[in-house]
Amino acid sequence: MEAFPRHVSPRPHGLAAPHLGLRPNMPGAVGHDLLTRPQGQAGGPPHDKIDPFARRVSMALLPHHPHTQGSSRFNIKKPPSDYKALPLLKDASAAEKPSLFMKKIDQACFVFDFDDPMSDIKSKEIKRAALNEIVEHITTAKGALTEPVYSELIRMVRVNAFRTLPPSDAPEFDPDEDEPPVEATWPHLELVYMALLRFLECQELQTTLAKRFIDQSFVLNVLELFDSEDPRERDMLKTILHRIYGKFLGLRAYIRKQINNIFLRFVYETEKFNGVAELLEILGSIINGFALPLKTEHKQFLLKVLLPLHKTKALMHYQAQLAYCIVQFLEKDPTLTEPVISGMLKYWPKTNSPKEVMFLGELEEILDIVDPAQFTKFQEQLFKQLAKCVSSPHFQVAERALYFWNNEYVVSLIEENSEVALPLMFDALYRISKEHWNKTIVALVYNVLKTMMSINSKLFDDLTNSYKADKQKEKKKEQDREELWKQLDRLKLEFDTKLGQSTSQATGTGVPSVGPSQQKTS
Amino acid sequence: LQMAHDGTEGSLYPIAVLIDELRNDDVQLRLNSIRKLSTIALALGDERTRSELLPFLTDTLDDDDEVLWALAEQLGDKDFVVLVGGPEYAHTLLPPLESLATVEETVVRDKAVESLRSVAEHHSKAHVEEYFVPMIKRLATGEWFTSRTSACGLFSVVYANCTPSTKQDLRTAFRALCGDDTPMVRRAAAAKLGELAKVMEPENVKQDLMGMFHTLANDEQDSVRLLAVEACAAISSLLSKEDIEQLIIPIINAAAKDKSWRVRYMVADKFSELQKTVGPELTKINLVYAFASLLKDPEAEVRAATSNRLKDFCSSLGEEYRQEAILTQIMPCIQQLATDTNQHVKSALASVIMSLSPIVGKESTIEHLLPLFLIQLKDECPEVRLNIISSLESVNKVIGISQLSQSLLPAIVELAEDTKWRVRLAIIEYIPLLAEQLGVEVFEEKLNNLCMQWLIDNVFAIREAATVNVRNLVEKFGSDWARVSILPKVLNMSQDSNYLHRMTTLFAVNLLVDVCTPDVIRTSMLPVVLKLGQDNVANVKFNVAKTLTKIAKRVDVSAVKSEIIPVMEKLAADTDPDVKYFATEALSEARALVK
């Protein structure tokens with residue numbers, strides 16, 4: 001189809017452009033072809049719900065079972081023929097128990113193929129029962145943890161749980177909307193984790209012995225599993241890691257460092273990691289236990305690792321946990337408030353309004369605990385940002401910012417610093433009271449203006465009176481800027497022309513660095 | 001070198017004013033100013049740029065990432081070297097870029113490194129030693145991982161220009177980065193290993209770099225190991241055959257069996273490059289098996305990636321063993337892939353399997369591949385079938401399409417009626433090719449009806465493609481065929497009560513005019529179009545005006561005068577403004593023809 005020459009008609013022209021509407025009185029019109037079914041005789045094949053712009057999933061492989069997560073295991077084997085149920089532990093004599101327990105653990109080391117739910121059902125059930133017994137035995141039996149059990153049990157955990165997570169089946173997965181994918185091996189895996197957890201929680205656990213097996217590589221594997229898409233697995237891992245952090249003092253620094261690496265990779269490289277919220281939850285309680293004064297390492301962690309977590313578009317999935325961590329830090333050391341606020345202002349969302357609302361929420365959380373002396377250190381940048389937020393054309397952003405005036409403590413801070421706050425905020429408030437499109441916002445702004453007036457009526461009047469003059473001054477300044485740049489641009493043009501000439505003259509020697517793209521002729 | 005303005009005139013623009021521009025409260029304005037940094041530098045002149053502007057920029061780097069990115073870009077611009085006073089002052093650009101290379105945000109750092117790499121080119125050997133290398137060393141030993149990550153990308157640009165002892169230092173520094181504590185740094189080192197190898201002396205590649213390579217290829221993190229796979233190809237291109245066999249092959253084999261599917265995926269993805277550098281002889285002994293095992297990988301993603309490399313792999317095998325290797329080792333895997341549980345694997349296979357046909361020759365194609373084509377042609381997933389059909393041409397050359405036609409036609413018919421319009425659209429594109437290969441008779445018997453059916457499809461994109469298809473068919477089979485087989489049906493639609501179908505007639509005529517003889521146009525098409533001029537739908541009428549314009553150019557003047565112009569005139573007097581507009585346009589063109 002050729003396009004309309006210079007004349008744009010509102011008529012559906014061959015129906016090529018979906019935004020053009022049909023004239024209602026058009027005879028024979030069947031409505032929009034792309035959107036509705038034709039009436040009567042238009043033949044052709046039977047049709048789908050027409051969805052011309054469905055998401056095209058390219059290499060992201062569609063799952064054949066949409067909600068199970070395979071385990072990407074290598075070399076799955078059939079169970080050996082002697083994979084039979086062993087006698088029950090509770091029926092064994094005290095002398096037999098230790099060796100039977102070891103046998104059960106060994107049996108649990110065999111890993112089954114769960115991609116095919118129908119395979120080896122009997123053997124899978126044997127393993128499940130054995131795992132249940134193992135959990136039970138560790139929890140209840142005295143002296144269950146003999147020395148050989150340590151290495152065998154950890155081996156069992158490693159072979160069952162430590163695996164490379166499979167490629168994500170649902171690249172556009174939205175935790176709020178979609179059912180999370182589930183780990184296929186969960187019937188066994190859950191019990192494996194449970195056994196580990198009971199082991200870690202056992203009164204009789206000797207950490208000096210256990211640390212030979214629960215070492216850095218073990219912890220690193222555990223941390224990588226936090227990327228699992230199955231929330232049940234992540235939740236289990238959270239408790240496990242917490243116990244390890246609590247009992248193995250020698251691993252603490254290593255755990256923190258590896259979490260740092262995971263976060264940094266998440267923020268700066270992949271933007272994909274499923275367990276950020278869970279790790280932050282653990283960190284929340286770790287931070288809670290930091291001794292005062294805070295070590296440089298911990299401060300660096302706050303400013304260089306936690307704050308950048310505000311950058312990602314996935315913030316909403318862990319914002320609550322992140323805010324908790326940050327508030328923990330600030331309660332311990334109020335002098336960190338200023339760098340934290342500057343950091344947040346630096347990462348302030350520019351186009352993502354829901355995220356901006358979240359930032360405002362977190363900001364208020366921080367202001368709630370701020371020390372008035374600290375407040376003065378960053379109030380200017382803060383008020384400038386608030387002025388931008390209240391004048392946001394997105395009414396939810398504006399509304400959230402204006403709600404700050406419903407917070408008594410925040411208002412008291414503003415009150416104390418009205419000489420700074422008023423001049424910075426006045427412009428924006430005054431302007432939107434006149435021109436915001438949303439009535440609720442205008443009403444809220446009137447209230448805020450009233451509050452401001454009552455806080456410092458003298459200054460308020462001055463600002464009202466000088467509003468126009470200030471606008472004029474700004475305009476003048478703007479003109480000066482434009483003039484300056486006009487001059488500069490002329491200068492640049494001259495230079496470029498000259499440079500262009502000199503390169504064409506200098507044959508390959510003197511100035512090799514100026515390419516033809518920069519040459520201009522005027 | 002001439003500067004347009006030196007210090008004396010620079011005073012016209014006091015630095016304070018210019019710096020104010022770079023400090024404006026509004027990020028957008030600041031960004032605008034930074035983007036014109038070269039203009040500001042020009043206004044200041046080279047001396048003050050060096051002594052005032054650059055130090056200012058170095059000191060005030062705490063800004064929005066977007067501003068910093070723009071700054072990094074500006075400083076790396078090749079013209080900026082001129083603005084600081086030419087190559088002998090290029091080193092003055094290093095301090096601000098060095099700071100930018102340490103910031104948190106990856107894109108800023110990457111840009112800074114890119115700029116540093118281009119600034120390095122302007123350094124003399126002496127300045128490389130005096131300024132650039134010390135900067136690399138500072139970055140490589142920086143406290144925070146960001147500076148060490150950036151350092152990795154700078155070694156290769158200056159290495160060749162250094163003295164032997166500096167080279168030694170650089171190698172030591174790079175080795176330290178390969179064993180860094182932070183995986184981010186090791187990843188950066190792994191990613192840059194290949195380019196560093198290329199500028200290193202062969203003996204040092206073997207002695208020094210291979211050690212680093214080994215460390216990275218055995219890293220505890222799969223994200224590092226997979227980058228080492230990437231470096232494999234670059235490094236092995238520098239080694240002798242014996243060294244490749246001893247040093248590289250074991251690493252490739254280990255990576256192909258890595259416990260992480262990401263690493264195996266990378267091997268699959270880079271297989272062609274690896275195969276090329278390793279050479280056909282070593283491939284035979286060592287890589288055919290690895291490739292076959294990747295085709296059988298438990299992870300669908302890996303199987304699909306490997307399938308995509310099938311053609312390249314097979315065609316690069318040494319001729320003397322190609323047939324045998326393909327038939328004994330690869331073919332069994334392909335047979336399994338044809339019935340894979342994952343549709344993306346099948347579809348990846350379907351997109352390359354036909355291209356194996358010329359490689360294995362006629363007999364093997366018939367014996368081994370043909371059954372698989374037939375299986376895939378009946379696959380439940382339309383994408384698989386479509387991929388087979390879209391590469392029919394390569395098979396046609398080897399065994400002819402007739403072997404397939406039995407299965408082909410039902411597959412085409414089914415795709416032609418698929419519920420997804422994109423599938424229908426895709427199959428339409430192949431119809432002219434199929435028609436040609438099947439011949440007029442088979443086409444008329446089996447496919448002609450489909451082509452007509454598409455003309456009344458309820459998705460516009462299909463109807464549009466169908467008209468183009470009809471045009472292409474006529475081009476292949478000729479005007480006479482069109483008159484007998486196509487036109488009656490197309491023109492009959494002009495009497496349909498649905499105006500969309502009447503418009504389809506017009507669109508089809510519009511295209512057919514180009515490929516039919518004037519005689520056919522005049523006798524068959526023109527009367528129908530003229531009649532549509534009396535339609536009661538405005539859309540039909542203004543399309544008549546447009547179509548008539550095209551017809552007018554293809555028939556003789558008398559017809560234009562006696563038949564076309566009168567209708568156009570009538571339309572030009574229509575009450576509808578759009579009909580009027582197009583008819584008037586058409587009329588002026590037609591009148592020009594008559595003159």
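Remember, predicted model here, so these are calculated numbers, not experimental data.
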J.: So do the side chains of B:Val107 and A:Tyr268 get within less than 4.5 Å of each other, counting heavy atoms only?
T.: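 No, too far: nothing below the 4.5 Å cut-off.
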J.: With side-chain contact (heavy atoms from CB on, under 4.5 Å) as the criterion, how do B:Arg264 and A:Thr164 come out once you've worked through the C-alpha distance, each side chain's angles and the decisive distance to 0.1 Å?
T.: CA-CA 12 Å; B:Arg264 302 197 303 274; A:Thr164 305; over 6 Å; no
J.: Does a side-chain heavy-atom distance below 4.5 Å link B:Glu220 with A:Gln216?
T.: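 With C-beta onward as the side chain, the pair stays apart.
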J.: Need one label for B:Glu143: side chain, backbone, both or neither, based on atoms under 4.5 Å from any heavy atom in chain A.
T.: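 Only the side chain of B:Glu143 comes within 4.5 Å of chain A.
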J.: Does any backbone or side-chain atom of B:Ile40 lie under 4.5 Å from a heavy atom of chain A? Answer side chain, backbone, both or neither.
T.: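 For B:Ile40, the contact with chain A is made by the side chain alone.
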J.: How long is the span from the CG atom in B:Asp65 to the NZ atom in A:Lys311, to the nearest 0.5 Å?
T.: 4.0 Å
J.: What part of A:Leu220 is in contact with chain B, defined as an atom under 4.5 angstrom from a non-hydrogen atom: side chain, backbone, both or neither?
T.: side chain
J.: Would a 4.5 Å heavy-atom cut-off, applied to side chains only, mark B:Glu104 and A:Leu307 as touching?
T.: no
J.: State, yes or no, whether a side-chain contact exists between B:Ser223 and A:Arg265 at a heavy-atom distance under 4.5 Å.
T.: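 Side chain of B:Ser223 against side chain of A:Arg265, heavy atoms only: contact under 4.5 Å found.
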J.: What part of A:Lys304 gets within 4.5 angstrom of chain B, counting heavy atoms only: side chain, backbone, both, or neither?
T.: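 When you check distances to chain B, atoms from both the backbone and side chain of A:Lys304 fall under 4.5 Å.
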J.: Does any part of the side chain of A:Arg481, heavy atoms only, come nearer than 4.5 Å to the side chain of B:Leu29, both counted from C-beta?
T.: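 Yes, close enough: below the 4.5 Å cut-off.
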J.: What part of A:Trp348 gets closer than 4.5 Å to chain B, counting heavy atoms only: side chain, backbone, both or neither?
T.: neither
J.: Flag yes if more than 12 heavy atoms outside B:Glu380 fall under 6.0 Å of its CD atom; otherwise flag no.
T.: no
J.: Identify which part of B:Asp222 has an atom lying under 4.5 Å from any heavy atom of chain A, answering side chain, backbone, both or neither.
T.: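 Side chain only.
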J.: Is there a donor-acceptor pair closer than 3.5 Å between any side-chain N or O of B:Thr39 and the backbone N or O of A:Asp489?
T.: no
